[in-house]
Amino acid sequence: MSSTTALPASLAKPAHLATGQSQDFTPRYWLFSVPAVLLVVGVIVFPWLFTLYMSTQDWKIGGGPEFVGLQNYAELLRDARFLESMVHTFYFTVLAVVLPIFFGTAAALVFHREFPFRGLLRTIFVMPMMATPVAVALVWTMMFHPQLGVLNYLLSLVGIGPQPWVYDPDTVIPTLILVEVWHWTPLVMLIVLGGLAGLPREPYESALIDGANDWHMFRHITLPLVWPFIMVAIVIRTIDALKVFDTIFVITQGGPGTASETLNIFLYLQAFQFYKIGYASAVVVIFFVIIIMLSLLLLYARQKSKWNA
């Protein structure tokens, strides 16, 4: 009698495997993805295609579209107000990224240390980012008032004369940057603080044995290790700064004159004040190209900043 027990027919090896044949077991669930694909096409793809179509039209409210090809783009390149708004956008974006990154990283280094009431002070420090941009803009608008604003009153207590703040073309963008720094520095602090919390202790102990001071440890240990987190903060702040609209619109509406008119404000005015839909659509397309280029650059920098395995 053989020592091998015959397997039941249900557990026997399938005939197609025994003969070397293959069978496609790929689940055919692609039909379930159709609603999601239709949603993406309807919400994202179609609006962009329609915007691209409108950018080739001379389309104003009250009249029908008239195909003009690339004429809207050519006019934009000759529009001094559009070019000025681009300069304002990049000026605002650079300062709105660099300053919160600097102050947020410094704040993270401070709050990473142990000291009395650290938890309470850290909670107070992050409170500005909990407010909505419109609420923040309204509060700062009252504070910037030349006669009734609290900022000029505080300056008068130390012997400094009243400042024009957002009412002067030379100071309006730096003043708006002040609002951005106050509002979003806590976000950078939290991101960098999360990176500092996960740093290993061994490199610092070795550095202390070798006689390194605080600056050397920060320069050669802390900063390289926390740099990927700083890059995350840079990416987030750049995206936020490029699309800022509500804060600027509530405080200045792009003024005085056009001194604080960014691309978002320029786009809004062209579409909803001058009713030049085709012209505004061309602005959207150009702005989209700029955002894509900056996003690719930032993603490349983010990829290069990752730790080496």
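Just so we're clear, the structure is a prediction, and the values are computed from it rather than from any experiment.
With contacts defined as side-chain heavy-atom distances shorter than 4.5 Å, the pair V226/F229 qualifies. Two residues are said to be in side-chain contact when any heavy atoms from C-beta on lie closer than 4.5 Å; W140 and L151 meet this criterion.
Here D168 pairs with nothing under the side-chain hydrogen bond (donor to acceptor under 3.5 Å, both in side chains) rule; sequence neighbours left out. Residues satisfying the side chain to side chain contact (heavy atoms under 4.5 Å, CB included) test with I291, not counting sequence neighbours, are L242, F287, S295. Evaluation of the side-chain hydrogen bond (donor to acceptor under 3.5 Å, both in side chains) rule for Q71 yields E75 as partners, not counting sequence neighbours. For P200, the side chain to side chain contact (heavy atoms under 4.5 Å, CB included) criterion is met by E202, P203, L225, not counting sequence neighbours. Partners of R81 by side chain to side chain contact (heavy atoms under 4.5 Å, CB included), not counting sequence neighbours, listed by chain and number: D79, T258, E261, F266, L269, F274. For E180, the side-chain hydrogen bond (donor to acceptor under 3.5 Å, both in side chains) partners two or more places apart in sequence, or in a different chain, are R237. W184 pairs by the side-chain hydrogen bond (donor to acceptor under 3.5 Å, both in side chains) definition with nothing, not counting sequence neighbours.
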Show which side-chain atoms of residues 90-112 pair as donor or acceptor with protein atoms under 3.5 Å away, not counting sequence neighbours.
residue : atom : partner : partner atom : Å
T93     : OG1  : T89     : O            : 2.7
T105    : OG1  : I101    : O            : 2.7

Listing, residues 35-58 side-chain donor-acceptor contacts under 3.5 Å, not counting sequence neighbours, or none:
residue : atom : partner : partner atom : Å
T51     : OG1  : P47     : O            : 2.7
S55     : OG   : L52     : O            : 2.6
S55     : OG   : Y73     : OH           : 2.6
T56     : OG1  : Y53     : O            : 2.6
Q57     : OE1  : F67     : N            : 3.2

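Counting only residues at least two apart or on different chains, no salt bridge (Lys or Arg N to Asp or Glu O under 4.0 Å) pair has a member in residues 279-289. Among residue pairs with one or both ends in residues 114-132, those qualifying as salt bridge (Lys or Arg N to Asp or Glu O under 4.0 Å) are E114-R118; sequence neighbours excluded. Evaluation of the salt bridge (Lys or Arg N to Asp or Glu O under 4.0 Å) test over residues 243-255, restricted to residues two or more places apart or in two chains, returns D240-K243.
Nearest heavy-atom pair, N72 versus A282, reported as atom, atom and distance to 0.1 Å: CB-CB, 3.8 Å. L155 and G161 make their closest contact through CD1-O, 4.3 Å (heavy atoms, listed as atom of the first residue, atom of the second, distance). Of all heavy-atom pairs spanning N152 and P146, the tightest one is ND2-O, 3.1 Å. Residues P116 and L121 approach most closely at O-CD1, 4.5 Å, considering heavy atoms. The two atoms that bring L223 and R219 nearest to each other are CB-O, 4.1 Å, heavy atoms only. Shortest non-hydrogen contact noted between I234 and T238 is O-OG1, 2.7 Å.
Transitive grouping of hydrophobic side chains (ILVMFWY, heavy atoms separated by less than 4.5 Å) keeps L76 and Y275 in distinct clusters. Linking ILVMFWY residues whenever their side-chain heavy atoms come closer than 4.5 Å, directly or via other members, leaves L138 and W182 in distinct clusters.
For the pair H88 (side chain) and I173 (backbone), a donor-acceptor distance under 3.5 Å is absent.
Using modelled atom types and a 3.5 Å distance limit, the side chains of S85 and T262 yield no donor-acceptor pair.
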